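Report on the structure given below.
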Amino acid sequence: MAKRYWLMKSEPDVYSIDRLEQDGSTSWEGVRNYQARNFMMEMKKGDRVLFYHSNAEPPGVAGVAEVVREAYPDTAAFDPGSDYHDPASTPEKPRWFMVDVGFVERFPAVLPLPELKADAALEGMELLRKGSRLSVQPVSKAHFDHVLKLARRRR
DNA sequence: GCCAACGTTGGC
DNA sequence: GCCAACGTTGGC
């Protein structure tokens, strides 16, 4: 199956592209939205991910990651001490899943949201839809490639 | 800090 | 199944 493209949001105060660069890879725990979870379950090793900084100054795409491990149960849901604890999810019957993503690239500067909004070539991107809050979302190859092009142009 | 948009919960 | 109340996301 052909490689697919995604966008994943993270608040840099919680986990930034710099942390991912240091860590090399990380498990994407804490997704508690069914639509986002379902997208993660579709992810295949090698799929590319736009790493988006939300609740940031500025909000925008900070770099690129790749899927290095396909969906498996989110163990944070089992941990009563975790912010992501969900008693409805058990090891026997897990409700929430996560993937592992690996660092690919950090953009020299965050590609800010207003710039994405202003670009006609990105029309129709889920990220840009009014009221969109989906933290894991598919991105078309054309949009993905265009975002990379914009990021390179900023050098 | 505000608030629009959205998802979830639970009474009925 | 409807929908009001509530909690969360995330830009501004």
Side-chain angles (χ1 to χ4, degrees), chain A residues 4-23 26-43 47-67 71-101 103-140 142-151 153-154:
Chain A
R4 293 184 68 187
Y5 300 87
W6 309 92
L7 179 145
M8 297 173 98
K9 295 179 185 175
S10 182
E11 302 190 21
D13 290 349
V14 178
Y15 198 90
S16 66
I17 190 77
D18 302 279
R19 282 282 303 283
L20 183 60
E21 183 169 20
Q22 289 164 27
D23 294 347
T26 191
S27 55
W28 206 268
E29 62 182 29
V31 170
R32 296 293 177 267
N33 169 285
Y34 290 104
Q35 214 182 338
R37 178 204 68 181
N38 293 345
F39 283 135
M40 281 200 298
M41 293 178 83
E42 292 178 22
M43 290 182 179
D47 283 0
R48 295 273 151 160
V49 178
L50 295 174
F51 194 109
Y52 181 85
H53 280 178
S54 61
N55 266 319
E57 189 47 55
V61 180
V64 179
E66 70 173 332
V67 177
Y72 61 105
D74 183 340
T75 47
F78 310 146
D79 176 6
S82 168
D83 286 346
Y84 302 127
H85 181 230
D86 180 357
S89 187
T90 64
E92 294 73 33
K93 208 173 178 207
R95 171 177 295 189
W96 302 114
F97 289 78
M98 57 189 176
V99 296
D100 289 357
V101 301
F103 177 79
V104 173
E105 169 181 2
R106 183 172 67 79
F107 294 159
V110 170
L111 187 54
L113 180 61
E115 196 157 322
L116 303 179
K117 282 181 172 168
D119 195 320
L122 296 178
E123 211 178 296
M125 236 183 130
E126 167 65 23
L127 179 74
L128 306 181
R129 202 173 52 79
K130 183 175 161 65
S132 171
R133 302 188 319 188
L134 198 54
S135 66
V136 177
Q137 52 185 263
V139 174
S140 73
H143 286 163
F144 185 92
D145 290 343
H146 192 74
V147 167
L148 286 195
K149 203 164 90 185
L150 290 179
R153 192 180 294 165
R154 287 178 70 81

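Note that this is a predicted model, so its numbers are computed, not measured. Each chain gets a letter, A, B and so on, in the order the sequences are listed, and its residues count up from 1.
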Paired with W28(A), the ring-ring contact (aromatic ring centres under 6.0 Å, His included) test is passed by just one of W96(A), F51(A), F39(A), namely F51(A)
Enumerate, atom names and distances included, each donor-acceptor pair closer than 3.5 Å involving a side-chain atom of residues 77-84 of chain A, sequence neighbours excluded.
| residue | atom | partner | partner atom | Å |
| --- | --- | --- | --- | --- |
| D79(A) | OD1 | G81(A) | N | 2.8 |
| S82(A) | OG | Y84(A) | N | 2.9 |

Within the 4.0 Å heavy-atom criterion, would you say R129(A) contacts the bases, only the backbone, or no part of the nucleic acid? sugar-phosphate
Output a table of nitrogen or oxygen pairs between the protein and nucleotides 9-12 of chain C separated by less than 3.5 Å.
| residue | atom | partner | partner atom | Å |
| --- | --- | --- | --- | --- |
| dG10(C) | OP1 | K9(A) | NZ | 3.0 |
| dG10(C) | OP1 | R133(A) | O | 2.8 |
| dG11(C) | OP1 | Y52(A) | OH | 2.6 |
| dG11(C) | OP2 | N55(A) | N | 3.0 |
| dC12(C) | OP1 | K117(A) | NZ | 2.5 |

Which distance, rounded to the nearest 0.5 Å, do you find between the NE2 of H143(A) and the CG of L116(A)? 10.5 Å
Could you walk me through whether E126(A) and S132(A) pass side-chain hydrogen bond (donor to acceptor under 3.5 Å, both in side chains), step by step? CA-CA 7 Å; E126(A) 167 65 23; S132(A) 171; 2.8 Å; yes
If I take atom NZ in residue K130(A) and atom P in nucleotide dA5(B), what distance separates them, rounded to the nearest angstrom? 4 Å
Rounded to whole angstroms, how far apart are CD on Q35(A) and C1' on dC6(B)? 11 Å
Spacing of R95(A) atom CZ and R32(A) atom CZ [to the nearest 0.5 Å]: 10.0 Å
Quick one: D86(A) CG to dG7(C) C1', roughly how many Å, whole number? 15 Å
Y34(A) OH to dC6(B) C1': how many Å, rounded? 16 Å
If the condition is salt bridge (Lys or Arg N to Asp or Glu O under 4.0 Å), which residues does R4(A) pass it with, not counting sequence neighbours? E42(A)
